[in-house]
Amino acid sequence: MIGRKNMGRASPLLLVLLALGFFFAMYNLLTLVIQYKDSSSGAGSGNPDPVIRMPTNLRKLGKSNLKFHVALTATDAPYSQWQCRIMYYWYKKMKNMPGSDMGKFTRVLHSGKGDHLMDEIPTFVVDPLPEGLDRGYIVLNRPWAFVQWLEKATIEEEYILMAEPDHIFANPLPNLAHGDNPAGFPFFYIKPTEHEKIVQKFYPEEKGPVTDVDPIGNSPVIIKKSLLEEISPTWVNVSLRMKDDPETDKAFGWVLEMYAYAVASALHGVRHILHEDFMLQPPWDLEVGKRFIIHYTYGCDYNMKGELTYGKIGEWRFDKRSYLSGPPPKNLSLPPPGVPESVVRLVTMVNEATANIPGWDSLNSG
């Protein structure tokens, strides 16, 4: 009888312990929920969430830890060559740093023949489009280059970063993709919804709304190799069809191939996680911070007061187009006081690369 009574009645000490355990469990759960809401809304840190579109279930997973192959499409023109050399220099600096998921590197050279950088930069030579097919718009060779490279090359990594010569790795880059959801950068000038009638020529209404087309280009994008193998032939075909359509060609201009990738990926049902911190573009983005890639496509023009004079050649300037026929000289002058940190960082990183790349001053010709 005594044994049965003890089994049926919990001691006061045990009840106290159970109550305390339940209290702490609920407290921890509520704390986690509050922290998750804060991190999702940007509250608490004072900074907006850099992931501007991402399925809720993916937000909880954290980043992928799978390595990605860095694929850089390029020509053998001097203008492309010196940019590739700087880009590869910073890839090597960042590759093995904490936080990096960078794997191997390939310059996919779509000139049909090798050049003198073959021994300096890992390179895979592919053919350009048949003569005349690009209509003088050389970046149409980019999707065709990926089709050939993916078909013929041995690529160990499961993921691929599509990159460009005018990219500099400012911080170690993790794999921002998740499974079949690639990571992309939202460009302010890629606006499918503002060109709905044109986009629907290539992404018909029965496929879905125009909002299914992400506001991205192909670069920078981290994507599963198997998905890129599916998308690339469609990307080629959409690019050529867009170029053949006068209305589309006029509307999209120099970003036509970017729209073509966005449409091609939508046709395959692929949606991208949009990361604002994937890349920055001086002079419009003022600070590097924790962002990963500096894209120096725009000219940086300032007067000596540190004021931007965009559209007008400044008293101080850095513009990649000033060096079409050969590399910029070593030790470029730094910007005057008052110029944004992003521009100072860009020029400092260019100077470091040119000071350390052997034979920098030699003519960059094939």
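Hydrogens, waters and symmetry mates play no part in the numbers below; they use all other heavy atoms, side chains included.
Among pairs with a residue in residues 301-311, those fulfilling salt bridge (Lys or Arg N to Asp or Glu O under 4.0 Å) read Asp301-Arg317, at least two apart in sequence or across chains. Every pair passing salt bridge (Lys or Arg N to Asp or Glu O under 4.0 Å) that includes a residue from residues 246-256 is listed here, sequence neighbours excluded: Lys201-Glu247, Lys243-Asp249. A salt bridge (Lys or Arg N to Asp or Glu O under 4.0 Å) check over residues 160-179, counting only residues at least two apart or in different chains, returns the pairs Arg142-Glu164, Asp166-Lys320. For residues 220-233, the set of pairs meeting the salt bridge (Lys or Arg N to Asp or Glu O under 4.0 Å) definition, not counting sequence neighbours, comprises Glu158-Lys224, Asp180-Lys224.
In this structure the side chain of Ile231 reaches within 4.5 angstrom of the side chain of Tyr261, judged on heavy atoms. Put simply, the side chain of Met87 reaches to within 4.5 Å of the side chain of Val70, judged on heavy atoms. Within the 4.5 Å cutoff, no side-chain heavy atoms of Pro186 are placed close to those of His275. Put simply, the side chain of Ile121 reaches to within 4.5 Å of the side chain of Cys84, judged on heavy atoms. Contact check for Pro143 versus Ser232: no side-chain heavy atoms found under the 4.5 Å cut-off. The closest side-chain heavy-atom distance from Leu173 to Phe68 is below 4.5 Å.
Distance check: Ile160 CD1 to Leu150 CG gives 5.0 Å after rounding to the nearest 0.5 Å. Residue His178 holds its NE2 atom at 10.0 Å from CD1 of Ile222, rounded to the nearest 0.5 Å. In this structure, Leu240 CG and Glu257 CD are separated by 11.0 Å, a value rounded to the nearest 0.5 Å. Between atom SG of residue Cys300 and atom CH2 of residue Trp316 there is a gap of 6.0 Å, rounded to the nearest 0.5 Å. Here the CG atom belonging to Leu256 is positioned 7.5 Å from the OG1 atom belonging to Thr248, to the nearest 0.5 angstrom. The CH2 atom of Trp82 sits 13.5 Å away from the CG atom of Leu117 when rounded to the nearest 0.5 Å.
Under 4.0 Å is where a charged nitrogen must lie from a carboxylate oxygen, and between Arg85 and Glu120 at least one such pair does.
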Intermediate values then yes/no, salt bridge (Lys or Arg N to Asp or Glu O under 4.0 Å), Lys113 and Asp76
CA-CA 9 Å; Lys113 63 182 189 305; Asp76 61 358; 3.0 Å; yes
Candidate pair Met94 and Ser100, rule side-chain contact (heavy atoms from CB on, under 4.5 Å), full reasoning:
CA-CA 7 Å; Met94 297 291 174; Ser100 167; 5.7 Å; no
Can Ile168 and Ile86 be said to form a side-chain contact (heavy atoms from CB on, under 4.5 Å), step by step?
CA-CA 7 Å; Ile168 291 177; Ile86 292 175; 3.9 Å; yes
Decide side-chain contact (heavy atoms from CB on, under 4.5 Å) for Leu140 and Leu129; before the verdict, give the C-alpha distance in whole Å, the side-chain angles of both, and the deciding distance to 0.1 Å.
CA-CA 8 Å; Leu140 284 186; Leu129 288 166; 3.9 Å; yes
Where do Lys104 and Glu156 land on the salt bridge (Lys or Arg N to Asp or Glu O under 4.0 Å) test, with the steps shown first?
CA-CA 8 Å; Lys104 293 183 178 180; Glu156 297 176 2; 3.1 Å; yes
Run Met258 and Phe252 through side-chain contact (heavy atoms from CB on, under 4.5 Å) and show every step you take.
CA-CA 9 Å; Met258 297 172 69; Phe252 292 164; over 6 Å; no
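Counting heavy-atom neighbours within 6.0 Å of Lys95 NZ, excluding the residue itself, gives a total above 12. With a 6.0 Å radius and a threshold of 12 heavy atoms from other residues, nucleotides or ligands, Asp244 has its CG atom above the threshold. Enclosure of atom CH2 in Trp144 is not indicated, since only 12 or fewer non-hydrogen atoms of other residues, nucleotides or ligands lie within 6.0 angstrom. Atom CD1 of Ile313 is surrounded by 12 or fewer heavy atoms from other residues, nucleotides or ligands within 6.0 Å. In Lys330, the NZ atom is crowded: over 12 heavy atoms of neighbouring residues, nucleotides or ligands sit closer than 6.0 Å.
For the residue pair Ser265 and His272, the shortest heavy atom distance occurs at OG-CE1, 3.5 Å. Considering every non-hydrogen atom in both Phe278 and Ala183, the closest pair reads CE1-O, 3.6 Å. Residues Ala177 and Pro182 come closest through the heavy atom pair CB-CA, 4.1 Å. Of all the heavy atoms in Ile155 and His69, the pair that sits closest is CG2-ND1, 3.9 Å. For the residue pair Arg107 and Thr75, the shortest heavy atom distance occurs at NH1-O, 4.4 Å. Shortest non-hydrogen contact noted between Trp149 and Thr106 is NE1-CG2, 3.8 Å.
Relative orientation of the Phe188 and Tyr298 rings is parallel, given thresholds of 30° and 60° on the angle between their planes.
By the side-chain contact (heavy atoms from CB on, under 4.5 Å) test, Pro128 is found to be paired with Asn141, residues two or more places apart in sequence or in another chain being considered. Checked against ring pair (Phe, Tyr, Trp, His ring centres under 6.0 Å), Tyr189 has the following partners two or more places apart in sequence or in another chain: Phe187, Trp254. Here Glu131 pairs with nothing under the salt bridge (charged side-chain N to carboxylate O under 4.0 Å, His left out) rule; sequence neighbours left out. Scanning for ring pair (Phe, Tyr, Trp, His ring centres under 6.0 Å) contacts around Tyr302 gives an empty result, with sequence neighbours left out. For Val125, the side-chain contact (heavy atoms from CB on, under 4.5 Å) partners two or more places apart in sequence, or in a different chain, are Leu109, Met118, Thr123. Remark: Arg241 pairs with no residue by the side chain to side chain donor-acceptor pair (under 3.5 Å) rule, at least two apart or across chains. Applying the side chain to side chain donor-acceptor pair (under 3.5 Å) test to Lys197 and every residue at least two apart in sequence or in another chain returns nothing.
Not a single donor-acceptor pair under 3.5 Å links the side chain of Glu196 to the backbone N or O of Pro192.
Taking the six-membered ring wherever Trp is involved, the centroid distance between the rings of Tyr88 and Phe105 falls below 6.0 Å. For Trp235 and His268, the gap between ring centers reaches or exceeds 6.0 Å. Taking the six-membered ring where the residue is Trp, the centroids of Phe185 and His295 are separated by 6.0 Å or more.
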Please tabulate, for side-chain N and O atoms in residues 336-354, each donor-acceptor pair with protein atoms closer than 3.5 Å (sequence neighbours left out).
unit_1	atom_1	unit_2	atom_2	d
Glu341	OE1	Val288	N	2.8
Ser342	OG	Asp285	O	2.6
Ser342	OG	Leu286	O	3.4
Arg345	NH2	Ala170	O	2.9
Thr348	OG1	Val344	O	2.8
Asn351	OD1	Leu332	N	2.8
Asn351	ND2	Leu332	O	3.0
Glu352	OE2	Tyr89	OH	2.8
Glu352	OE2	Lys93	NZ	3.0
Thr354	OG1	Val350	O	3.2
Thr354	OG1	Asn351	O	3.1

